[in-house]
Amino acid sequence: MTKPAREKKDDAPAQPDPRAAQPEAVPTRAQPENRYTKGSLQVVEFLLGQERYAVDLYDIREVVEYTTITKLPNTPSYMKGIIDLRGEITTIVDLKDRLHIHGGSETNEENSRIIVLDEKITRAKTGIMVDDVLSVSTFDTKDIDYTSAADMEDDGAILGIIKKKVKDKEQERNELIIWIDIRHLVKDIGEVVPLA
Amino acid sequence: MYPSEESIIEQVLKGDINARVPERRFPPGAARRAQAINRLINKYGEALRKKDEAAALFNENPVPIVRYDEKFNILMVNPAFLECSGYNKDKATAMNAHDFKVTKAEGHGIKEAVRTKQRAFGRMEIEMPSGKKVLDAYTIPLLNKEGNIRGFMGVYVDVTQIVKGQRYMEHEVERLIATYGLIAQGDISAQYLLTEPDKDTRATYEQVARLHEAVSGIVANLEENVRDVNMRMQELTKQTEQAAARIRDASEGIQEIARNTGKVSENSESASRSVDGILKAVSDMSSAIQDITTNMDNAASLSAKANELSYAGARLAKNVETSMKDIAGSSGRVSEIVTHIDGRMGEITAIVDVITDISSQTNMLALNAAIEAARAGDAGRGFAVVAEEVKSLADESRLSADKITKMIAGFREESRKASQAMVESSAMVSQGNTMVKETLTAFSQIAQAVEAVAKSVADVAATTEEQAATTQEITASISEVAQMVEKTSKEAGESAASTQQSSAAIDEISRMITEVSVVSREAMEVNQRFKVS
């Protein structure tokens with residue numbers, strides 16, 4: 001198992017130029033703020049443990065089912081490993097591990113989903129492992145609270161808290177969705193790789 | 001007086017009593033005197049003859065006779081007395097009546113004879129050289145012309161043998177009556193050995209021994225019968241107890257039979273007690289036998305009842321067995337159905353799994369479609385709505401599938417319980433089958449035991465009849481005893497008669513002696529007229 005994984009890692013530096021060119025295309029952290037001040041925000045909601053999270057719709061390529069993950073040696077623990085997605089090697093990040101979320105509902109790993117990220121935001125093709133993908137939603141920017149994000153340290157990667165109105169037994173209440181900056185979280189992926 | 005007269009008288013006195021004075025030779029005066037002398041000689045001869053007769057009567061008499069003087073010194077004894085007493089003649093004639101060792105006396109003796117001057121009678125026991133003798137003693141006073149006592153005559157009838165035999169008989173019969181009394185009270189082992197007889201009592205002993213042997217034989221018979229009855233009763237009791245034990249083994253449903261068999265046991269026990277009563281008294285034996293007969297009848301009827309009930313019980317148990325088989329068949333079918341349902345549930349679960357899988361994938365496809373639609377911007381808006389709808393349908397079908405899965409799990413739990421219950425019930429049915437088989441066996445054992453009881457009852461009845469026969473035999477032998485006692489009393493009467501006969505003979509003798517004495521007195525008076533120089 002380790003041997004083919006290494007080969008693939010060795011292959012990575014030999015990746016063609018289009019990838020090398022991408023880093024310039026990767027938007028900075030300030031970019032989305034500008035983008036979403038227009039009035040509405042489109043996100044994909046998903047579950048990590050008990051909590052609802054959201055990422056920018058445009059950072060996402062697709063959602064796939066869990067398949068067997070090949071582990072790689074000498075990598076951080078949140079680096080789950082790699083999978084073969086329709087012929088392409090895709091690196092899988094355990095987002096719960098990456099965000100230091102422990103405990104919560106222990107859903108079976110085989111029932112989890114993989115959100116494949118858009119190639120624009122990563123150097124290597126990357127997927128994040130989440131407990132479940134809930135929906136594609138559009139929110140008004142006035143429903144987003146940025147204050148809590150400001151208190152966070154840099155590595156928190158929280159862009160804001162979305163207040164989603166839900167009807168629960170004839171009563172309207174706000175469900176809180178944590179909007180995270182997935183680009184920031186996966187920016188390391190592939191950075192190690194292009195040392196050559 | 002002529003010399004010839006003198007010589008004739010001399011001749012006569014010397015013993016020739018046929019000598020006579022020749023009367024004609026005398027002158028008329030002298031002739032009268034000669035006639036008187038001859039008459040005297042005739043009288044003298046007659047007296048001498050009577051004296052001889054008396055001596056013979058005295059000496060030849062088989063009854064012992066003693067002649068005493070007025071002071072009871074013995075003057076003469078006859079040979080019969082010597083034989084009876086064992087004294088020799090010299091010793092006897094030197095004795096006085098008071099020298100006899102009289103150990104026992106009843107009736108009248110010499111004192112009475114002296115007082116009344118008449119014959120006295122008594123019975124006495126005297127120690128003599130020949131042994132202890134029982135004598136019937138007659139003391140006869142001899143009177144002179146003035147009526148004064150001049151001596152006595154003692155006549156003794158030896159009744160030793162009769163008296164001893166009678167006493168022996170009385171004693172032995174009394175002991176036998178005591179022994180038979182014990183037997184009658186139930187101590188069949190009571191025995192009595194007859195006292196060894198002596199020469200006087202041998203004849204009596206033989207008679208009593210014959211009677212005793214006859215009764216002993218009957219008693220031995222009776223003992224054997226009683227033992228036989230006991231043995232059979234024990235067997236009966238044992239059998240009945242076995243029956244009772246088996247009945248106890250039977251299930252609660254056959255309690256009635258157990259009760260009835262208990263009654264059989266009770267009745268058998270009371271029969272046993274009744275038979276024990278036979279031992280207690282031969283007089284009670286008849287009533288005890290009746291008790292036994294009654295009890296046997298009861299036992300027989302109860303046995304028959306028990307038999308009937310056990311057959312009825314066996315029929316019921318057979319019915320139960322059939323029902324058990326039906327139940328076993330039904331529960332087997334139910335079990336099959338339940339297993340079948342469980343299999344179907346599994347199939348449904350598999351199908352639901354497929355549905356769940358499909359809905360999950362549909363959900364994902366809808367998500368991806370929504371993502372694509374959003375990326376397409378305004379152009380994809382319509383498609384996004386469709387994708388949302390598809391997603392909600394997929395979610396709904398997934399929820400339904402989850403519900404179905406939960407329901408199926410519930411069903412499977414229920415059917416698992418049903419299946420377990422079926423297993424339990426089939427185990428119970430097989431247990432019930434075993435119990436029914438055991439019950440059937442118990443019933444057949446009861447039937448056997450009851451038959452054994454009936455047989456024992458019949459045996460006891462037969463033995464009881466034998467016993468009744470024995471009781472009759474005993475009654476017969478008791479009447480034989482009565483006859484024997486009667487015979488004994490008759491014999492005693494006979495001996496009394498012979499004593500009376502003896503007494504009559506003695507009277508005769510005494511009469512004759514008196515006569516002799518009168519004659520001799522007369523002779524002496526006649527003689528005294530003569531003065532012999």
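By convention in this document, chain letters (A, B, ...) are assigned in the order of the sequence lines, proteins followed by strands, and residues within each chain are numbered from 1. This is a predicted model, so every value here is computed, not measured.
- Under a cut-off of 6.0 angstrom, the local environment of CD in E413(B) is crowded, with over 12 non-hydrogen atoms contributed by other residues, nucleotides or ligands.
- No more than 12 heavy-atom neighbours from other residues, nucleotides or ligands sit within 6.0 angstrom of CD on E396(B).
- When all heavy atoms of V136(A) and A370(B) are compared, the closest pair comes out as CG2-CB, 3.5 Å.
- Shortest non-hydrogen contact noted between M364(B) and V64(A) is SD-C, 3.6 Å.
- Salt-bridge annotation for E372(B) and R61(A): present, with a side-chain N of the basic residue lying under 4.0 Å from a carboxylate O of the acidic one.
- In this structure, the portion of V44(A) lying under 4.5 Å from any heavy atom of chain B is its side chain and not its backbone.
- The structure places CG of L134(A) at 9.0 Å from CG of N363(B), a figure rounded to the nearest 0.5 Å.
- For the pair S360(B)/R113(A), a side-chain contact is recorded, criterion being any heavy-atom separation below 4.5 Å from C-beta on.
- Across V63(A) and I371(B), no two heavy atoms sit closer than the pair CG2-CD1, 3.9 Å.
- At a threshold of 4.5 Å between non-hydrogen side-chain atoms, the residues Q42(A) and R375(B) do not count as touching.
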